[in-house]
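Reading through the structure tokens given below for one structure.
Just so it is clear: chains get the letters A, B, ... in the order the sequence lines come, proteins before strands, and each one is counted from 1.
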Amino acid sequence: MSFLPDESLDIPGLAPPPRSQPAPAATDDPLLAGLNPQQRAAVLSRADALLIVAGAGSGKTSVLTRRIARLLRDRELWPSQILAITFTNKAAGEMRERVGQLIGHEAANGMWISTFHSACVRILRREAQQFGFTQAFTIYDSADSRALIKRIVKDLQADTLGLTVSAAAGKISRLKNELIDAEGYSRQLNPNDPTEVMFLEVFRRYSAELARANAFDFDDLIAQTVYLFRAFPQVAALYQRRFRHILVDEYQDTNHAQYALIRELTRAVEPQHVPADTRIETDATGGIPAAALTVVGDSDQSIYAFRGADIRNIVEFERDFPGAEVILLEQNYRSTQTILDAANAVIGNNFDRIAKNLFTEVGAGDRIVGFTGYSQHDEAQFVADEIQKIHEQGVPYNQIAVFYRTNAQTRALEEIFIRSALPYRVLGGTKFYERAEIKDAMAYLIAVANPADALALRRILNTPKRGIGPATETALALHADQLGGTMRDALGDAAALGLGPKVTAAILDLSGILDDATATIDTALVPDVLTAILERTKYVELLRASRDPQDEARAENVEELVAVTREFQRNNPEGRLVDFLTEVALVAAADDLDDSSGTVSLMTLHTAKGLEYDAVFITGVEENLLPHQMSASEPGGPAEERRLFYVGITRARKKLHLSLAMTRSTFGDTQVAAPSRYLQEIPTELIDWRDAPGMGMRSTSSQRSLGTTRSGREQFSYGTSLPLGKPKTEWANRVTATVRDNGDLTLAAGDRIRHVDFGEGRVTTVTGTGPKSIAEVQFESAGRKRLLIKIAPIEKI
DNA sequence: TAAACAATGTTTTTT
DNA sequence: ACATTGTTTA
């Protein structure tokens, strides 16, 4: 998909397409086959505003795609008149695919199905020149925003007033999500509070710098589109005329700016903005009526209040859109009744919600498996062992997922998974693009695409080292101000600065490299632009020549980026540099999920939204983690954490595992962890608690071990088993840190070994070859384990 | 300029 | 505990 404005907006099909044939009778319409009455109603409704309250697993994607398919097949609309907003790019791709499967891919061509951010980028790229930006604007991610704010805070010495970078960044983001700009803030602040006045100055400068750099931050993408529509009604009218049916998924997680955007798009077009030759049906006054709106959501799954999502958007939908129809989908087609009972029980503890009870016809299924480990590594080992067991029962790895509250929890899981030779991948934590060398290379591309971007230019000014220090940088910035131009202009005019000949030559060299590359971007392939820059700057070459051993890996990462651009070009033959930069800026954690990869998926509970797996593990179900400590002080925090747990539970189709650890180390020291309050909310008969090895002595009290006594103080205790009855196999809160290398140790079935944690055991089978050979070992007390021979802490005895 | 050392923050979730 | 960032020193 191209973001460049080469696609005509005033499409020929502005009039409804002629109806070819009457729609099949509802009874034998294949698009309605297999739907329950509520789902059917949701597909068929022609209300101007429709709210589908879709409980978890209630087949909402199916309903949405069939609804779209029916609109298109029966020629009620052209594809280009449909705008569908999804939560991730991956969901957008799936929805497009499924509509295509239903009515043919050609018939579905031209729909806009994308995330809020992608849709806004597409609009902004087309309309940027209307308000002082160019089509090549940069999208600043949170790190970029922070970098810019950091410089401003430093310049203004705002930190002396206790204004930190993260506080300022968070506040700016929140204000933008509320559609409040710096001027709006100036009207509401307390002028006697110096910190607020200082913050206003930071906010002002930040906004000015963004505009000057021809850049939008994440929040701007939405907020500035709203601003554009409000300031330029004739521009808004273009889109209001074009989109006749708007669908929004995950409506419970929209923030105010997104809500406002939908309101703007679903405004009726005033007669003066209707062209004389329009073929859309006009009303009595000559205007065009508002587009139809379908929203889908579930307030029980609202988990993004922290980034401004406003649950009122869905709760007050009927008030916002009078005459709206509401359809409730409660039948679940995903999970077993046991899993749903647990989910219903947990979410039932949130008051102030519309009662909703998920049910299914598939039967009770297996009990939920609970496990309490001694440490996070013990817990991780349970997860690994259990996954292995489930896998042997025929569940493929890619149908298994492990969820956690915080990204930091991946560490213990990864350590154990590697040892157990379990194929896994971690979703999110987009580390690749956060690496310094990748950011450098990306900064070159951004500077080439958007010459106004001073932030990108500053980053590469002296990378690789070319003798352009902070003093020269300041001089260049100053010179840009004097010229009334951009920093890039100042670069080309470096001779006028009267600097030393060496520095001047270095600046002009860089200027030439960037200018030459900029000249090619409208036609050149993305990998060619990147390799040309890397060649001329000798970036990779210098890394390879470096004495720092880590630089070799950095060079490889940059080569990997080249491979990424090739991959992009293969998927988007028409894509240009700007398209590549857009795609990189807007990838979501769940987007790089590859269903065909035969691996277990690890992700945060937030990332898990909208996904489903045969077997789900929710780890770290402890107080201060789930609910997270930070949420306690926030209004609505614990309730939102409960919804998060609910989202996690309802991802599971057949098997659900809940696990926790008795101790967990954070920040270096180890603390005793208490079971989450949410565990008590699940009826005990639904959970099959499995104790860690050595916990047998207190098995009678295993339910009590869940902790919290009714009455206060002594909130929780593991009895005496924790300090006293420590079994030999207990895991310390530290896994042997150093990466072991057993060299070419070879084992065969029948060999006896000793393992640091599991004790003695006998090898039953060996699979794989070389460094990847895996031994299956029957331990005397710890059970059966799979070990990666090369790195396992074992010795032959 | 680089290396050595100290200080600091990180762990809430993300487009 | 660990990694990144800033500061001092050679």
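- A:Arg544 and A:Ala555 make their closest contact through NH1-CB, 3.7 Å (heavy atoms, listed as atom of the first residue, atom of the second, distance).
- With B:dT12, C:dT5, B:dA2 as the candidates, the nucleotide lying closest to the side chain of A:Lys150 is C:dT5.
- In this entry the distance linking CG of A:Asn255 with P of B:dT15 reads 14 Å, nearest Å.
- The side chain of A:Arg307 approaches B:dT14 more closely than any other nucleotide in the set B:dA2, B:dT12, B:dT14.
- In the set B:dT15, C:dT5, B:dT14, B:dT14 carries the atom at the smallest distance from any side-chain atom of A:Phe306.
- Distances shorter than 4.0 Å separate none of the side-chain N or O atoms of A:Thr88 from OP1 or OP2 on B:dT15.
- The side chain of A:Thr666 places no N or O atom within less than 4.0 Å of a non-bridging phosphate oxygen (OP1 or OP2) of B:dT10.
- Although no hydrogens or angles enter the test, the distance criterion places a donor-acceptor pair under 3.5 Å between the side chain of A:Glu623 and the main chain of A:Arg677.
- One finds no side-chain N or O of A:His117 lying less than 4.0 angstrom from the OP1 or OP2 phosphate oxygen of B:dT15.
- With distances taken from any side-chain atom of A:Met630 to the nucleotides B:dT12, B:dT14, B:dT11, the minimum falls on B:dT12.
- Residue-level contact check: A:Tyr304 touches the backbone only, with heavy atoms under 4.0 Å from sugar-phosphate atoms and none from bases.
- Listed by chain and number, the residues in a side chain to side chain contact (heavy atoms under 4.5 Å, CB included) with A:Glu640 are A:Ala305, A:Phe306, A:Arg643 (sequence neighbours excluded).
- Residue A:Ser631 is out of contact with every strand shown, counting any heavy-atom pair closer than 4.0 Å.
- For A:Arg411, whose side chain is taken as the heavy atoms from C-beta onward, the closest listed nucleotide among B:dT15, C:dC2, B:dA2 is C:dC2.
- For the pair A:Asn407 and B:dT10, the criterion of a side-chain N or O lying under 4.0 Å from OP1 or OP2 is not met.
- Side-chain atoms of A:Asp144 come within 3.5 Å of backbone atoms of A:Asp141 as a donor-acceptor pair (strictly under, hydrogens ignored).
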